**Q** 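Here it is, the structure in full.
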Protein chains: 2
Amino acid sequence: MEQILPHLDSVFSIDCVLFGFDGKELKILLIERNEEPFKDWWALPGNIVGPDESLDQSASRILYELTGLRGIYMEQYYAFGDPNRHPQGRVITLAYYALIRLGGDKELRPISNYAKRANWLPITDLPKLAFDHQKIYDKGLEKIKRRIKHQPIAFELLPEKFTLTQLQHVYELILGKKLDKRNFRKKIVSFGVLKELDEKQKGVSYRAATLYRFDKRRYAKLFGKEISF
Amino acid sequence: MEQILPHLDSVFSIDCVLFGFDGKELKILLIERNEEPFKDWWALPGNIVGPDESLDQSASRILYELTGLRGIYMEQYYAFGDPNRHPQGRVITLAYYALIRLGGDKELRPISNYAKRANWLPITDLPKLAFDHQKIYDKGLEKIKRRIKHQPIAFELLPEKFTLTQLQHVYELILGKKLDKRNFRKKIVSFGVLKELDEKQKGVSYRAATLYRFDKRRYAKLFGKEISF
DNA sequence: TTACTTAGTGTAAAAATTACACACTATATT
DNA sequence: AATATAGTGTGTAATTTTTACACTAAGTAA
């Protein structure tokens, strides 16, 4: 959070890096600030942790207020508490990331007073960010890069039914490098957590690909054997 | 921190899991509380973050006050903020772990008022812990298990000069399983970050082993290629 | 000298990773 | 109907990494 500060000695907030995937690009949700400091700058959405909220609850609330979405995969990843990170006082913030499948921009809701607007911006072309938010974002990306190699988080960015090419695309965007198609498919299928459906992709002007679904049950069963991409 | 609470709405503290290795066992430093709540219980050392301290500084200070040690490897790993985790009010705490080479118990210093005493206790036989400290400890151990596979943190627990057997021992204790001697040596040497010394172990009643040193410079150079045990 | 204890070493089999190219299929276009 | 287009889907061989496994050497203590 970075809005108007109550006159407390220290404030504890949560800031969120909301990663969204629209089938093409990886984006994050940024808000344009309407308040000093950093008026007119882009910033990560955040807010103060309420007195009766758990940290996860607080993160979910922030997400909900901004997007109307619930039940999204979120995870805390780092606390930033440099005494000078906020020009107006001591603000310790805990960073969360979330992974969201974007289906058009219908998710955005009327936003709160300290922001002019909110936008999904592609991570390949981010503006300068307020406060230490660049650092927070960088660490968040680093975190999901690491996590995608060991945990089935890529599916959170995809619709329930997806093609292997789409899945590979997500991996490539997050890892920031091309992967070999055959090797990727071999490996991802070998984990045994994908369920091949009897359905094909629709609405494409070329050969339609087979759809798959992430098999949560099976993953839970095999959980001991952690995925390692 | 879990000591006397000032009457604030919310408190931000740091709790530390200090892992120590004495050549035999893996231990953590616990304090026996002298105050309610949880008087006479064992707890992780912790304290409130000061107004002008960064989080890392605060963690170092807590460590220093308890052990007199400086320059120890510490890392934050998770924030715990359940509204009910502290019976007397809202306390959000950030957990750090530290890795310390123990050379006798001479490190312990006179301790602060809220503790009767502090002790290094083997992790194989821990008492019940106050608050949610068991959870904090569990997550800390989990964290270093993960991290020891990719980062050269095992050396932090050993003296500057160590034998390969000692190193293997540290890995075995943290990972909680036996490793094959030949494979371990092959792999660890292949990373190229160990410097074999012209020196042998002393004071043992059997064949003395060769001493090694962790080559930080070389590690920094190879840093791109991350270690993967 | 003997007994004891840990150090130190190699190899073969199995598994995982990498590199690599083309035919197929569905649609759109003419 | 024929053709162009764009992405799907598939196999293999070479290389690298991982695993399993047991004995001799060196030093100390009795």
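Every chain is numbered from 1 and lettered A, B, ... according to where its sequence line falls, protein lines coming before strand lines. Values in this document were obtained by computation on a predicted structure and should not be read as measured data.
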**Q** Please report the end-to-end axis angle for the helix from C:dT1-D:dA30 to C:dT30-D:dA1, five pairs per end, rounded to 10 degrees.
**A** 10°
**Q** Please identify each residue that fulfils side-chain contact (heavy atoms from CB on, under 4.5 Å) with B:Glu156, with sequence neighbours left out.
**A** B:Tyr73, B:Leu99
**Q** When you list every nucleotide of DNA chain D with an atom under 4.0 Å from a heavy atom of chain B, which one comes first 5' to 3', and which comes last?
**A** D:dT18 to D:dA29
**Q** Just the endpoints, please: which first and last nucleotides of DNA chain C, 5' to 3', lie under 4.0 Å from a heavy atom of chain A?
**A** C:dT17 to C:dA28
**Q** So if I take residues 201-215 of chain B and measure heavy-atom distances to DNA chain D, which residues fall below 4.0 Å?
**A** B:Val204, B:Ser205, B:Tyr206, B:Arg207
**Q** Tell me, please, which residues at least two apart from B:Phe80 pass ring pair (Phe, Tyr, Trp, His ring centres under 6.0 Å).
**A** B:Tyr78
**Q** Strictly below 4.0 Å, heavy-atom distances to any atom of DNA chain C: list the hits from residues 155-165 of chain B, or just say none.
**A** B:Thr165
**Q** For A:Phe19, which residues count as a ring pair (Phe, Tyr, Trp, His ring centres under 6.0 Å) partner, sequence neighbours excluded?
**A** none
**Q** Ring pair (Phe, Tyr, Trp, His ring centres under 6.0 Å) with B:Phe162: which residues, sequence neighbours excluded?
**A** B:Phe155
**Q** List for me each residue that meets ring pair (Phe, Tyr, Trp, His ring centres under 6.0 Å) alongside B:Phe21, sequence neighbours excluded, and say none if there are none.
**A** B:His169
**Q** For DNA chain D, find the residues of residues 175-189 of chain B with a heavy-atom distance under 4.0 Å and give them by number; none if there aren't any.
**A** B:Asp180, B:Arg182, B:Asn183, B:Lys186, B:Lys187
**Q** With sequence neighbours excluded, tell me which residues meet side chain to side chain donor-acceptor pair (under 3.5 Å) with B:Glu25.
**A** none
